[in-house]
Number of protein chains: 2
Amino acid sequence: MTQRDDSVGIIQQELTAFARRARATAARMHPELSLVSYTLLAHLEDQKGCRATDLAAHYLLDKSTVSRQISALEKLGFVERRVDPDDHRVQVLHPTELGAQVLASAGAQRRQAFTDRLADWDDADLERFASYLLRYNEAQQRLG
Amino acid sequence: MTQRDDSVGIIQQELTAFARRARATAARMHPELSLVSYTLLAHLEDQKGCRATDLAAHYLLDKSTVSRQISALEKLGFVERRVDPDDHRVQVLHPTELGAQVLASAGAQRRQAFTDRLADWDDADLERFASYLLRYNEAQQRLG
DNA sequence: TCCTGCTGGTTGCATAGTACAACCTTAGTT
DNA sequence: AACTAAGGTTGTACTATGCAACCAGCAGGA
């Protein structure tokens, strides 16, 4: 067992531990907006509106899952649907004013939690950690 | 928005993206053993047996959740219960021979996937990434 | 024009994972 | 003996998810 293998083992173990906790932690932080809802809503804001199909493709979710998530967000008044005049099959989804507010609030809370956890890191370490995560996720997407 | 804030933002985003994918990815890799089951079974092996309560405490799960997970693992023949002779309330849980085999196989598959994703990293980066994850998770546990 | 096939979305069904509360059994204390 | 605490199980409910069946609108070709 080389030192390299040790590192891989630790990375596996720690990422797994993180994944196991993530949903529950997010739910505790802002019960109003689950991890998934938060992500979808954030994407809508980022993209200035998109279709349910785009969300499904981007997050590797089934379209039925997205459909239900969006219904829930709509029921909460966080999302509105605008039928595309050029293609009546399509609904372009947008955050509502309220949705944007809730998103901003949840985002601030999330960001604060991360900032706290990373408070005693120096800038160089933070930047390197960020670049490692980007690199890792890029590889994961590439390799499935 | 400082460069530091950017780094925090990226870390948040990438860890979130990872968490969103983790369960589904794990499920695709070895349908026999979900992420949670895998983790519980691995803990049993690590600890050379422990109680359901210990698992619940360690993974911040409700004891009912653990109870059901263990029932499922037992039904699959991966776990056996041994009543503690000193305290008949207690069941000490152990992986069975079969459970250990499945665990080893799933573990090898998981490890291989990580090894592939990290194939083109040099040793120093791997070691640093591993240490960052340890540090991050330690802080998360400390801060809740 | 009409049939066929494709695309975007919804709905019915099934499953996993989870929590909470009520409960049972066994230990330990007073 | 009576009470309390600890380890587990079970009933109930809810969220997230996928698959399959379906509907509706669009686009192309015979």
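Below, read A as the first sequence line, B as the second, and so on, with proteins coming before strands; counting in each chain starts at 1. Nothing here was measured: the structure is a model prediction, and the numbers come from that model.
Sorted by first and then second residue, the pairs that involve residues 38-47 of chain B and meet side-chain hydrogen bond (donor to acceptor under 3.5 Å, both in side chains), not counting sequence neighbours, are His43(B)-Tyr59(B). Judged as a side-chain hydrogen bond (donor to acceptor under 3.5 Å, both in side chains), the pairs with a partner in residues 8-20 of chain A (not counting sequence neighbours) are, in order, Glu14(A)-Asn137(B), Thr16(A)-Arg110(B).
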Practice problem: Under the side-chain hydrogen bond (donor to acceptor under 3.5 Å, both in side chains) rule, what do Glu127(B) and Ser131(B) come out as? Steps first, then yes or no, please. | Solution: CA-CA 6 Å; Glu127(B) 195 176 353; Ser131(B) 77; over 6 Å; no

Quiz prompt | Evaluation steps, side chain to side chain contact (heavy atoms under 4.5 Å, CB included), between Leu55(B) and Ile70(B) | solution = CA-CA 10 Å; Leu55(B) 292 174; Ile70(B) 295 299; 3.9 Å; yes

Practice problem: Kindly determine whether Ser7(B) and Gln3(B) satisfy side-chain hydrogen bond (donor to acceptor under 3.5 Å, both in side chains), including the steps that lead there. | Solution: CA-CA 6 Å; Ser7(B) 298; Gln3(B) 185 255 298; 3.1 Å; yes

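Hydrophobic cluster membership of Leu134(A), counting Ile, Leu, Val, Met, Phe, Trp and Tyr whose side-chain heavy atoms lie under 4.5 Å apart directly or via other members: Ile10(B). Summarising the hydrophobic clusters (Ile, Leu, Val, Met, Phe, Trp, Tyr; side-chain heavy atoms under 4.5 Å, direct or chained), the residues clustered with Val90(B) are Val92(B).
At a non-hydrogen distance threshold of 4.0 Å, nothing from residues 98-106 of chain A comes into contact with DNA chain C. Residues from residues 44-55 of chain A that place a heavy atom under 4.0 Å from any atom of DNA chain C, listed by number: Arg51(A), Ala52(A), Thr53(A). Of all the residues in residues 82-96 of chain A, Asp87(A), His88(A), Arg89(A) reach under 4.0 Å from DNA chain D with at least one non-hydrogen atom.
Following chains of ILVMFWY side-chain contacts shorter than 4.5 Å, one can reach Leu44(A) starting from Val36(A), so the two form part of one hydrophobic cluster. In the hydrophobic cluster analysis, where Ile, Leu, Val, Met, Phe, Trp and Tyr join through side-chain heavy atoms closer than 4.5 angstrom, Leu15(A) is grouped together with Leu118(A).
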Using atom names, set out every protein N or O paired with an N or O of nucleotides 1-4 of chain D below 3.5 Å, distance rounded to 0.1 Å.
none

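At distances below 3.5 Å, not a single donor-acceptor pair connects side-chain atoms of Asp125(B) with backbone N or O atoms of Asp122(B). Using a distance-only test at 3.5 Å, with no hydrogens or angles considered, no donor-acceptor pair links the side chain of Ser37(A) to the main chain of Leu33(A).
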Quiz item: If the sugar-phosphate is the primed atoms plus P, OP1 and OP2 and the base is the rest, what is the B/S/- string for nucleotides 10-18 of chain D, using protein heavy atoms under 4.0 Å?
Solution: BBB---SBB

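When side chains are defined from C-beta on, Glu74(B) does not count as touching Leu93(B), because their heavy atoms never get closer than 4.5 Å. For the pair Asp5(A)/Thr2(A), a side-chain contact is recorded, criterion being any heavy-atom separation below 4.5 Å from C-beta on.
Of the candidates Trp121(A), Tyr136(A), Phe114(A), Phe129(A) forms a ring-ring contact (aromatic ring centres under 6.0 Å, His included) with just one, namely Trp121(A).
Under the rule for a salt bridge (charged side-chain N to carboxylate O under 4.0 Å, His left out), Glu32(B) has no partner lying at least two apart in sequence or in another chain. With sequence neighbours excluded, the residues satisfying side-chain contact (heavy atoms from CB on, under 4.5 Å) with Ser105(B) are Gln109(B).
Nucleotides of DNA chain C that come within less than 4.0 Å of any heavy atom of chain B span, from the 5' end to the 3' end, dG17(C) to dA27(C).
Judged by the 6.0 Å and 45° rule, Arg135(A) forms no cation-pi pair with Tyr132(A).
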